[in-house]
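Side-chain atoms are counted along with the backbone in the values below, which use heavy atoms only and exclude waters and symmetry mates. Naming: A, B, ... by sequence-line order, numbering from 1 per chain.
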Amino acid sequence: MSTETKGYLDMELLRFTTAGSVDDGKSTLIGRLLYDTKSIFEDQYDAIKKASEQRGEEGVNLALLTDGLRAEREQGITIDVAYRYFATPKRKFIIADTPGHIQYTRNMVTGASTANLAIILVDARKGVIEQTRRHAFIASLLKIPHLVICVNKMDLVDYSQEVYENIQRDFKNFSSKLEVFDIRFIPISALMGDNVVDKSDRMPWYKGLALLDMLEAIHISSDENMVDCRFPVQYVIRPYSDEFHDYRGYAGRIAGGIFKPGDKVMVLPSGFTSRIASIDTFDGPVDEAFPPMSVTIRLEDEIDISRGDMIVRENNLPSVSQDFDVIICWMNEKKLVPGGKYFIRHTTREARCIVRELRYKVDINTLHRNEEDKSIGLNDIARISLRTTQPFFFDKYRINRNTGSVILVDEATNETVGAGMIV
Amino acid sequence: MAVYHLNHLRQLEAESVFVIREVAAQFERPSLLFSGGKDSIVMLHLARKAFWPARLPFPLLHIDTGHNFQETLDYRDQLVESIGARLVVGSVQESIDKGRAVEEQGYNASRNVLQTVTLLDTIEEHKFDVCLGGGRRDEEKARAKERFFSHRDEFGQWDPKNQRPELWNLFNGRKRQGEHFRVFPLSNWTEMDVWQYILQENIEMPSLYFSHDRDVFVRDGVILAYSPIMKLKDSEKVVNMHVRFRTIGDMTCTGATVSNANTLEDIISEVAASRVTERGGRFDDKRSDAAMEDRKKEGYF
């Protein structure tokens, strides 16, 4: 195998989400990242060029790359989260591109739920506005580990260091109230390409990296929880074949911590203990399993285990309860019903739940807690208390995104109506 | 200190295996759509990994247009036998014979659209409640907004404006009687990822993907394989060329590329250097700007 091909096989994967409206130059930025990394193909480029001309637009509208649906192109709006892909020799990137105006919270929460990093665009002429605060709040709520604030349109403020530093200061003043530990700032011009792919010589006062270099360099391998061992059982494998007659394996994805053969483990909810006999994969047994690996665990003792159970370490248990509070983002036009019943899904466990109490609604612009307003509709965020029909095994969302998240599903329509983070 | 990190292919693999297991756990009667193309070959490989050492807990479903390359059918039959899988074939020819579908006329006649009828009929006949498909979001703009778990109503239709939000790794497969799902485990893979993975895993591929001599003709800039089922215009001449296929579908709409790529490494270099998408050679997408979206809404993959 040539070194070039080998290199391709050993890239890291970074998932990021972009927040900002069309006016902030978000589409231009994404278009530039895709175009400059040669991730747009000629036929795609020709197609959007032709479409831009037909619409009577000046230049090539890169937003058409992501606005794939007929209704979106007809109305010139982005309806839904679009996923885009590009790669450099170091990393493969998945962009969850979320639309600016319509159903903003719902879409940004969706895009943010799987992201390692969020890019928030700030218009250099406007500075930190309500929308910027809203984006940053959602990013911190969803516990995106890294936040990159791109101060865009620097070309329109004469590449002024003062403008940039004022925005940086304003943002820091506000973000001290948020729980985000890694915040970086870059002055860019997406339109002119300054500090996007290459370092700009028009802002010599900026000593940091260009955006793409930063995306390639940010340390992401510690984003997963490698401490608290959590293995939600997804599927029980029983081959019933002559060769594997007595085989009984528990298939699933490691949700936290590092598992090794020989480890003493406890199974929830039964509380029985055993040791890991082996950790199997199609490619042979492994010495260690860690997030986000999909593996099959075999135990030394025969215990009755089924989907929805959780294998953990005896000396490090998750919370086990039928009662807990979540911060819920409401995703549906049909309002949340206090006292109402929903299906609830958590790791590989599904149950029913009742909304026991609506504690407060969060104003996503001021972060103010409103205990009077009991109406939770589409795009609203609130803290609620739930009771489930069976015990859940969970961690706080801020400790582990995999074992701290739930979705609520409407019992009548089967639609996913709420995204919850356990507090 | 050990580094706990998976490369991008291992991460994509872990995600896909999780999705495939989720399908087996949440649904009663799944099936895996197998076309003999590279994406479905990779998906099948991942499904085998997901349930090893047990066999696949669901059958493969092949929609045979009757215009498939013989190489594809041979590869399919050999693979099915070697892994001991069950195979269900839905035949477009049978749908035509039964009067369920009407053959298109003219030079560009294709059975691509007719597949939808056969697919939906086969789903109903076997009472499948979910089909795993090899679709990827990077393939086409309508697919960029597709979910992993894509809900379809009782007519098999996709409603792109009213999709369920999909958060974290919590997939909602709840449905009413008669409705079903399409699930796409390869959603986050690109064409490059697929080929790199084939190389990493050393998966055997159909010969069509590698460079070979073939009788072809050129129509509207696309090189099409010649066969007796193809209606030639007077101006079109059959010539022998050194070609390979980047995607494999029905013979009537899959374009070939001139290529000397003989190995997986060659193909990866070619994909890396390519300036045209793989579907650029697909006649079925060229019918209109929203051709793929329209077909998907009606129940196409």
Task: Sequence-distant partners of B:His45, side chain to side chain contact (heavy atoms under 4.5 Å, CB included), two or more places apart - done: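 Listed in chain order: A:Phe282, B:Lys49, B:Tyr197, B:Glu201, B:Ile203.
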Open item on the list: Once side chain to side chain contact (heavy atoms under 4.5 Å, CB included) is applied, do any residues pair with A:Thr296, and if so which ones, sequence neighbours excluded?
Closed with: A:Ile237, A:Tyr247, A:Ala251, A:Asp280, B:Arg21
Quick one: are [X] and [Y] in side-chain contact, heavy atoms under 4.5 Å?
X: A:Arg15; Y: B:Asn188; answer: yes
X: A:Glu12; Y: B:Gln11; answer: no
X: B:Asn172; Y: A:Phe343; answer: no
X: B:Phe18; Y: A:Tyr235; answer: no

Spacing of [atom1] belonging to [X] relative to [atom2] belonging to [Y], to within rounding of 0.5 Å:
X: B:Ile20; Y: A:Gln234; atom1: CD1; atom2: CD; result: 10.5 Å
X: B:Trp189; Y: A:Ile94; atom1: CH2; atom2: CD1; result: 11.0 Å
X: A:Thr416; Y: B:Gln163; atom1: OG1; atom2: CD; result: 11.5 Å
X: A:Arg84; Y: B:Asp138; atom1: CZ; atom2: CG; result: 8.5 Å
X: A:Met293; Y: B:Arg10; atom1: CE; atom2: CZ; result: 9.0 Å

Task: Short side-chain donor-acceptor distance under 3.5 Å, B:Tyr4 and A:Glu288 - done: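 The criterion, which ignores hydrogens and geometry beyond distance, is satisfied for B:Tyr4 and A:Glu288.
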Measure [X] against the heavy atoms of chain B and call it side chain, backbone, both or neither at under 4.5 Å.
X: A:Ile258; answer: side chain
X: A:Val236; answer: neither
X: A:Tyr240; answer: neither
X: A:Val406; answer: backbone
X: A:Thr281; answer: backbone
X: A:Asn332; answer: neither

Open item on the list: Whether A:Glu415 and B:Arg174 form a salt bridge (side-chain N of Lys/Arg under 4.0 Å from carboxylate O of Asp/Glu) is what I want to check.
Closed with: no
Quick one: of [options], who has the most non-hydrogen atom pairs under 4.5 Å with chain B?
options: A:Arg401, A:Arg238, A:Arg307, A:Glu224; result: A:Arg307
options: A:Thr347, A:Asp283, A:Ile220; result: A:Asp283
options: A:Val409, A:Thr413, A:Leu142, A:Thr114; result: A:Val409
options: A:Gly252, A:Ser405, A:Ala112; result: A:Ser405

Please state whether the side chain, the backbone, both or neither of [X] comes within less than 4.5 Å of a heavy atom of chain A.
X: B:Ser16; result: neither
X: B:Gln26; result: side chain
X: B:Asn169; result: side chain

Open item on the list: Is it the case that over 12 heavy atoms from other parts of the model lie below 6.0 angstrom from the CD atom of A:Glu411?
Closed with: yes
Open item on the list: Out of B:Lys175, B:Glu13, B:Arg55, B:Glu179, return the one with the most heavy atom pairs under 4.5 angstrom to chain A.
Closed with: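 Ranked by heavy-atom pairs under 4.5 Å with chain A, first place is B:Lys175.
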Open item on the list: Counting heavy-atom pairs under 4.5 Å with chain A, which one of B:Ala24, B:Pro57, B:Gly173 comes out on top?
Closed with: B:Ala24
Quick check: closest heavy atoms across [X] and [Y], and the distance to 0.1 Å?
X: B:Ala14; Y: A:Arg253; result: O-NE, 4.0 Å
X: A:Arg106; Y: B:Pro165; result: NH2-CD, 4.0 Å
X: B:Thr190; Y: A:Lys92; result: CG2-NZ, 3.5 Å

- [ ] Go through the steps for B:Leu167 and A:Met331 under the test side-chain contact (heavy atoms from CB on, under 4.5 Å), then give the verdict.
- [x] CA-CA 11 Å; B:Leu167 298 116; A:Met331 319 285 268; 3.7 Å; yes
Task: side-chain contact (heavy atoms from CB on, under 4.5 Å) between B:Leu170 and A:His346, intermediate numbers included - done: CA-CA 7 Å; B:Leu170 297 170; A:His346 169 255; 5.6 Å; no
